[in-house]
Asks: 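If you scroll down you'll find the structure; I have some questions about it.
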Amino acid sequence: MVNYETVVGLEVHMQINTKSKVFCECSTQFGAEPNANTCVICTSQPGAIPILNKKALEAIIKTGLALDFTINKQCTFARKQYFYPDVPKNYQITQSEPPLCSKGKLAINVDGKEKVVNITRIHLEEDAGKLVHEIGSRKLSYSLLDLNRASVGLMELVTEPELSSPQEAFEFLTELKNIVTYLDTSECSMEEGKMRCDVNVSIRSVGQKEFGTRVEIKNINSMSGVKEAITYEVQRQKEVLESGGKLVQETRLWEAQEGITKSMRSKEGALDYRYFPEPDLVPFNLPDSFVEDLRAQLPELPKAKKQRFMQDYYLSDYDASYLTSNRQTADFYEEALNSSKDKKMSAKPLANWTSTELSAKLNASKINILQSPVSSKNLAKLVDLILNNTISGKIAKTVFEDMYEKSADPELIIKEKGLIQISDESEIIKICQEAIIESPKAVAEFKAGKERAVGAVVGLVMKKSKGKANPRLVNKILLELLKA
Ligand code: ADP
Ligand code: MG
Ligand code: ZN
């Protein structure tokens, strides 16, 4: 038996988050009426001249800077040609050499170990339009053309073949998406096609220097799909080699429904794009200040934010990682913290509420934290109410249920339902005395030295007070009464 290792390289297209397209002023809005967002440039009318969107250029450079790339100040564009039914001009404007960004890197965490993955390049490219073959579930006997997406700006990122498992590829994409959404240079939603990934996979026997024959897999439209497609493809390649067969360099399609890859075309018939310089966009040099200004504008990135959360809020590595795993969650947490009465006291409980109760609810309703019915302010209020002993942690959980259902303010819920905690000692003493009388067995056990027996009496006090007695006081008072 040969021992194989997996080699994976990724090509990721991310839609640049700009209001208008990259070579014209049309809107990039998702879901518009077919062909509503088009003009003479993006419909490829003869003689129409592309005009570069400066914001798109800035977005790519920011992304490059955040990933430790060298920025090439020389800006050149090329035509990549083939027959594109969805790009009437039959070429795509892209970059060949040099790309805007060369040699970057991204650190990922797999099984508790850090691995730095080298990224070859990021370059700018315009998107193609879309052919429509069905409307709803009705298959058409003809095809329709929607050019809304034509000329929307993309950044194409290509990694070195350095990933060595489906999990590493998954972590790479997750981390990339996290950084890019922090930068806001792309929304990276795979569901809306704003992040698309081609996966190159090969295997080789452990210790072998040369790469094995690679297969490119297209048409993967979810993060989990990336993992499944690589897992399937590695197994397929092993089986081909082990049965004495030979792998061919080819492009395969991921069929998510069936969970398999299917051959699409072999690389023998590989296209020669005949790149040549785009005559309508003359090369130019970016001034140094252009790049340096963008560097100065970079926001705090996930790694730095995590460090700061640990340092300033005394959060554990685990809590800080969870909270900074996406920008929306980090922002929500900090907003909550900033509106709380005592930041120092609230930091840890707020982290807990966000990562457990709230996240469980959001997952169950399949919404993200931006759509949370519980606002950051109200969550902070809830924690304040626990900290100042207005309600117990247990009651807080039922209050939270209402807050989530009705988007309500915790103070109102507590008042309406009469849930304010009883912290009046004389009242608690009264209930404790009743409970002691009603629990002769537990009391006898306690007096015989079984300290744990007090739990039953505490339970009864909580029951009698409908959960409202301050548990700390109940414990203290009961022990005093029993020991007296
Ligand atoms: P192409 O333009 O034909 O797709 P590239 O040189 O741009 O070719 O490479 C595309 C991707 O393939 C890169 O992400 C690279 O890391 C990856 N790659 C190259 N060789 C291998 C290999 N043997 N196994 C897996 N991935 C590979
Ligand atoms: Mg490729
Ligand atoms: Zn246009």
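These figures come from a predicted structure and were not determined experimentally. One-based numbering, in listed order, for ligands and for the atoms of each.
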Asks: Could you list the atoms of ligand 1 found under 4.0 angstrom from a heavy atom of Ser202?
Replies: 22 (C), 23 (N), 24 (N), 25 (C)

Asks: Near the Zn ion (ligand 3), which protein N/O/S atoms fall under 2.8 Å?
Replies: Cys24 SG, Cys26 SG, Cys39 SG, Cys42 SG

Asks: So which pairs with a foot in residues 290-299 pass side chain to side chain donor-acceptor pair (under 3.5 Å), sequence neighbours left out?
Replies: Glu292-Arg295

Asks: Is it the case that Lys80 places NZ or CZ above or below the six-membered ring of Tyr275, under 6.0 angstrom from the centre and within 45 degrees of the axis?
Replies: no

Asks: Quick one: CD on Glu156 to SG on Cys101, what's the gap to the nearest 0.5 Å?
Replies: 12.5 Å

Asks: Counting both backbone and side chain atoms, is some N or O of Pro161 under 3.5 Å from an N or O of ligand 1?
Replies: yes

Asks: Quick one: which ligand 1 atoms are inside 4.0 Å of a heavy atom on Thr159?
Replies: 13 (C), 14 (O), 15 (C), 16 (O)

Asks: Tell me whether the NZ or CZ atom of Lys361 lies within the 45° cone about the ring axis of Tyr404 and under 6.0 Å from its centre.
Replies: yes

Asks: Verify whether the ring centers belonging to Tyr333 and Phe309 lie closer than 6.0 Å.
Replies: yes

Asks: Can you list the residues that meet the salt bridge (Lys or Arg N to Asp or Glu O under 4.0 Å) rule with Glu335, with sequence neighbours excluded?
Replies: none

Asks: Any atoms of ligand 1 less than 4.0 Å from a non-hydrogen atom of Val158? List them with their elements.
Replies: 13 (C), 14 (O)

Asks: Considering only heavy atoms of Glu216, which atoms of ligand 1 have at least one such atom less than 4.0 Å away?
Replies: 4 (O)

Asks: Taking atom CG of Asp146 and atom CG of Leu131, what is their separation to the nearest 0.5 Å?
Replies: 9.5 Å

Asks: Counting only heavy atoms closer than 4.0 Å, does ligand 1 sit against the backbone of Asn200, its side chain, both, or neither?
Replies: both

Asks: Quick one: which ligand 1 atoms are inside 4.0 Å of a heavy atom on Val7?
Replies: 24 (N), 25 (C)

Asks: Could you list the residues that satisfy side chain to side chain contact (heavy atoms under 4.5 Å, CB included) with Arg327, not counting sequence neighbours?
Replies: Tyr182, Asp184, Asp331

Asks: Give the atom numbers and elements of ligand 1 that come within less than 4.0 Å of a heavy atom of Glu11.
Replies: 4 (O), 10 (C), 11 (C)

Asks: Determine, using ring centers only, whether Tyr82 and Tyr84 are less than 6.0 Å apart.
Replies: yes

Asks: Is the contact between Glu160 and ligand 1 made by the side chain, the backbone, both, or neither, using heavy atoms and a 4.0 Å cut-off?
Replies: backbone

Asks: At less than 4.0 angstrom from any non-hydrogen atom of Gly212, what atoms of ligand 1 do you find?
Replies: 23 (N)

Asks: Could you tell me if the side chain of Asn221 sits less than 4.5 Å from the side chain of Arg196, heavy atoms only?
Replies: no

Asks: Under a 4.0 Å heavy-atom limit, does Leu10 contact ligand 1 with its side chain, its backbone, both, or neither?
Replies: backbone

Asks: Are any non-hydrogen side-chain atoms of Glu162 and Val7 less than 4.5 angstrom apart?
Replies: no

